[in-house]
Q: 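Following this message is one structure expressed as structure tokens.
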Amino acid sequence: MRRYIRALLLCTVFAVFSGLYVYSKLVNTDVSVGGNGARRAFIPQRGTGARRGSAVRAGPQKPHWYNSIKRLYLHIFAEDQLHASFMEALESWPDFFRSRFNYTVYSISFPSENAGEWKKLFKPCASQRLFLPLILKDIDSIVYVDSDILFLQPVDDLWDFLSQFNPSQLAAMSPEHEEPRIAWYSRFARHPFYGRTGINSGVMLINMTRMRSTFFKNDMTQVGLSWEELLMPLLQKYKLNITWGDQDLLNIIFHHNPEFLLEFPCKWNYRPDHCIYGSNCASAEEDGIYILHGNRGVYHDYKQPAFRAVYEAIKKYSFGSDPVTSLLDPLMEELLKTTHTYCGKSNTLFTKRLTLSLANINRKTPHGR
């Protein structure tokens with residue numbers, strides 16, 4: 001376990017995205033990308049129950065205790081040297097939690113003819129997400145999250161955005177920023193991007209059936225290209241102009257095809273950018289943070305202590321402990337120590353959804369005399 005934690009911390013600090021999570025509605029998948037198919041370790045199911053596409057927080061440490069999800073299926077993409085640690089950690093969870101999900105661990109895989117180029121894009125493994133529709137060929141829809149994601153709200157509500165898709169929409173993401181005057185894309189991008197501020201790819205909901213069957217408008221040809229046909233020409237055209245790798249390519253694609261994208265609010269992908277210069281995520285101000293995205297390694301340094309406090313509180317929580325006294329109360333105490341920072345001044349946003357979720361669970365839990 002210690003060996004895994006060291007590896008995960010290292011990979012997360014350098015944004016390697018070692019644990020690339022995808023959660024789907026189906027169990028069996030055929031895995032092949034060109035001539036470089038991904039090896040996989042299939043873990044048999046435990047227990048019974050409906051299979052439902054969904055997601056848990058990144059990193060095989062502890063799940064949330066939300067009771068609303070019947071069954072999760074996790075597709076975990078990671079470097080080969082991390083596979084044993086992932087499985088060891090996940091299999092160590094108590095049966096009450098472990099029986100609620102099944103998983104498969106995959107090797108990182110790119111098309112064989114261009115594998116080296118894709119691996120060098122931004123960070124190793126980061127562009128793997130672009131090829132999920134081609135790898136998970138039998139999967140209809142997925143929730144994808146980066147390895148630095150913490151769910152503070154049941155994933156069911158994110159999955160429910162699928163029901164809001166109109167007939168043309170095939171993906172959902174949140175804006176990169178709320179304020180164009182301080183947004184990265186509107187100030188620095190040297191390529192087309194979606195909307196006023198671009199989109200962030202750390203949390204994505206994808207209807208992969210639609211993505212595989214759609215032809216995308218582009219600025220390279222007069223005809224639409226399929227997803228598989230589009231990716232490499234796009235990289236070749238823009239590789240000298242992109243900074244954030246695969247996320248920039250997604251921005252270019254949806255710039256030309258905005259009708260295919262549904263935006264969900266920033267509370268579903270809350271990053272340091274939403275508070276580092278003062279609070280600028282209106283949906284989180286109103287409802288609290290649903291998903292915390294600790295990009296740029298903020299869980300593991302002291303630049304944004306409010307983000308680190310949430311990560312450390314969940315990391316220290318022990319199965320079976322009272323989540324109020326062992327998680328929520330200590331977290332609130334630590335967050336009060338961060339009010340010297342702009343993000344810390346918004347500390348109540350970090351615990352609002354967690355407080356409500358625990359209150360709901362307490363109401364549902366029968367109490368003896």
Side-chain angles (χ1 to χ4, degrees), residues 20 22 24-26 29-38 53 109-115 117-118 121-122 126-144 161-176 185-186 189-264:
L20 204 115
V22 188
S24 72
K25 298 177 71 173
L26 304 178
T29 62
D30 294 329
V31 182
S32 177
V33 181
N36 188 19
S109 172
F110 297 105
S112 55
E113 62 272 21
N114 307 112
E117 194 157 6
W118 287 113
L121 183 62
F122 187 50
S127 57
Q128 179 75 99
R129 77 190 93 188
L130 296 176
F131 297 95
L132 297 178
L134 310 179
I135 297 173
L136 303 175
K137 293 182 179 179
D138 293 336
I139 305 301
D140 176 68
S141 298
I142 58 170
V143 169
Y144 162 89
F161 277 106
L162 278 173
S163 65
Q164 300 181 29
F165 280 16
N166 66 32
S168 65
Q169 289 169 334
L170 51 80
M173 285 177 257
S174 68
E176 171 71 12
Y185 281 107
S186 54
R190 296 179 294 156
H191 56 78
F193 57 89
Y194 175 86
R196 297 189 309 150
T197 63
I199 46 176
N200 184 277
S201 59
V203 180
M204 298 191 294
L205 183 61
I206 308 172
N207 184 319
M208 297 201 298
T209 299
R210 291 185 181 182
M211 186 168 281
R212 285 186 288 260
S213 62
T214 296
F215 290 91
F216 295 82
K217 299 188 294 291
N218 60 87
D219 57 2
M220 299 171 293
T221 69
Q222 300 255 330
V223 299
L225 298 176
S226 70
W227 189 258
E228 186 172 10
E229 295 169 332
L230 178 63
L231 294 177
M232 195 61 204
L234 200 65
L235 176 61
Q236 293 298 335
K237 177 172 182 176
Y238 286 104
K239 62 183 177 181
L240 298 181
N241 298 95
I242 57 178
T243 302
W244 307 115
D246 55 297
Q247 178 173 289
D248 291 346
L249 295 182
L250 289 168
N251 266 281
I252 296 168
I253 291 171
F254 288 110
H255 168 84
H256 294 293
N257 301 271
E259 69 277 14
F260 295 160
L261 187 70
L262 173 71
E263 285 188 38
F264 51 67

Q: Are any of the side-chain heavy atoms of Met220 and Lys237 separated by less than 4.5 Å?
A: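 Sidechains of Lys237 and Met220: in contact.
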Q: Within this structure, what is the CZ-OG distance for the pair Arg210 and Ser141, rounded to the nearest 0.5 Å?
A: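 Interatomic distance, Arg210 CZ to Ser141 OG, rounded to 0.5 Å: 8.5 Å.
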Q: Taking all atoms of both residues into account, what is the closest heavy-atom pair of Leu162 and Leu205, and its distance?
A: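 Looking at all heavy atoms of both residues, the closest pair is N-CD2, 3.6 Å.
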Q: Between Ser201 and Gln247, what is the shortest heavy-atom contact and its length?
A: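 Heavy-atom minimum between the residues: N-OE1, 3.0 Å.
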Q: Is there side-chain contact between Met208 and Leu132, with heavy atoms separated by less than 4.5 Å?
A: yes
Q: Between Phe131 and Trp118, does the ring centre distance come in under 6.0 Å?
A: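 When the ring centroids of Phe131 and Trp118 are compared, they turn out to be within the sub-6.0 Å range.
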Q: Go through Leu230 and Ile253 one step at a time and tell me if the side-chain contact (heavy atoms from CB on, under 4.5 Å) criterion holds.
A: CA-CA 9 Å; Leu230 178 63; Ile253 291 171; 3.7 Å; yes
Q: When rounded to the nearest 0.5 angstrom, what distance separates CG in Leu249 from CG in Leu231?
A: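 One gets 7.5 Å once the value is rounded to the nearest 0.5 Å.
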Q: Starting at NE2 of His256, measure out to OH of Tyr194 and round the result to the nearest 0.5 Å.
A: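 Answer for the NE2-OH pair, His256 versus Tyr194, is 14.0 Å.
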Q: Is any NZ, NE, NH1 or NH2 atom of the basic residue among Glu176 and Arg196 found under 4.0 Å from an Asp or Glu carboxylate oxygen of the other?
A: no
Q: Give me the ring orientation class for Phe264 and Phe161: parallel if the planes are under 30° apart, tilted from 30 to 60°, perpendicular past 60°.
A: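 Ring orientation of Phe264 relative to Phe161: tilted.
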Q: Please find the pair of heavy atoms, one from Phe215 and one from Gly224, that lie closest to each other, and give the distance.
A: CD2-O, 3.7 Å
Q: Please report the C-alpha distance between Leu261 and Asn257 in whole Å, then the side-chain angles of each, then the deciding distance to 0.1 Å, and finally whether the side-chain contact (heavy atoms from CB on, under 4.5 Å) criterion is met.
A: CA-CA 8 Å; Leu261 187 70; Asn257 301 271; over 6 Å; no
Q: side-chain contact (heavy atoms from CB on, under 4.5 Å), that's the test. Do Leu250 and Met204 meet it? Break it down for me.
A: CA-CA 11 Å; Leu250 289 168; Met204 298 191 294; 3.9 Å; yes
Q: Using modelled atom types and a 3.5 Å cut-off, is there a donor and acceptor pairing between side-chain atoms of Asp248 and backbone atoms of Thr243?
A: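 Between the backbone of Thr243 and the side chain of Asp248 there is a qualifying donor-acceptor contact (under 3.5 Å).
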Q: Assess whether a salt bridge exists between Lys239 and Glu117, defined as any Lys/Arg side-chain N lying under 4.0 Å from an Asp/Glu carboxylate O.
A: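 Salt bridge present between Lys239 and Glu117.
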Q: Taking the six-membered ring for Trp, are His255 and Tyr185 ring centroids under 6.0 Å apart?
A: no
Q: Within the distance-only criterion (no hydrogens, no angle test), does the side chain of Arg190 pair as donor or acceptor with the backbone N or O of Leu240 below 3.5 angstrom?
A: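 Flag set: sc Arg190 to bb Leu240 pair under 3.5 Å.
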Q: Using every non-hydrogen atom in the two residues, find where Thr221 and Val223 come nearest and quote the distance to one decimal.
A: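 Smallest interatomic distance, heavy atoms only, reads OG1-O, 2.6 Å.
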Q: Are Ile199 and Phe254 close enough that some pair of their side-chain heavy atoms sits under 4.5 Å apart?
A: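 SC-SC contact between Ile199 and Phe254 confirmed.
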Q: Taking all atoms of both residues into account, what is the closest heavy-atom pair of Gln128 and Ile135, and its distance?
A: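 Residues Gln128 and Ile135, closest heavy atoms: NE2-CD1, 3.3 Å.
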Q: My understanding is that only one of Leu235, Leu234, Asp246 makes a side-chain contact (heavy atoms from CB on, under 4.5 Å) with Leu130; could you say which?
A: Asp246
Q: Atom CD1 of Ile139 and atom CG of Asn207: how far apart are they, to the nearest 0.5 Å?
A: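 Between Ile139 CD1 and Asn207 CG, I get 12.0 Å after rounding to 0.5 Å.
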Q: Do Asp219 and Tyr238 have a side chain donor and acceptor closer than 3.5 Å?
A: yes
Q: Identify the two heavy atoms, one from Met211 and one from Leu170, that lie closest to each other, and give their separation to 0.1 Å.
A: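 Scanning both residues completely, I find the closest heavy atoms to be CE-CD1, 3.6 Å.
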Q: Is the distance between the ring centroids of Phe260 and Phe216 under 6.0 Å?
A: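 Yes, they do, as the ring centres are separated by less than 6.0 Å.
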Q: How about Ser174 and Glu263: do any of their side-chain heavy atoms sit closer than 4.5 Å?
A: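 No, side chains not in contact.
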Q: Does one side chain, of Thr209 or Asp140, offer a donor that lies under 3.5 Å from an acceptor on the other?
A: yes
Q: Test Glu259 against Lys217 for side-chain contact (heavy atoms from CB on, under 4.5 Å), laying out the working first.
A: CA-CA 11 Å; Glu259 69 277 14; Lys217 299 188 294 291; 2.6 Å; yes
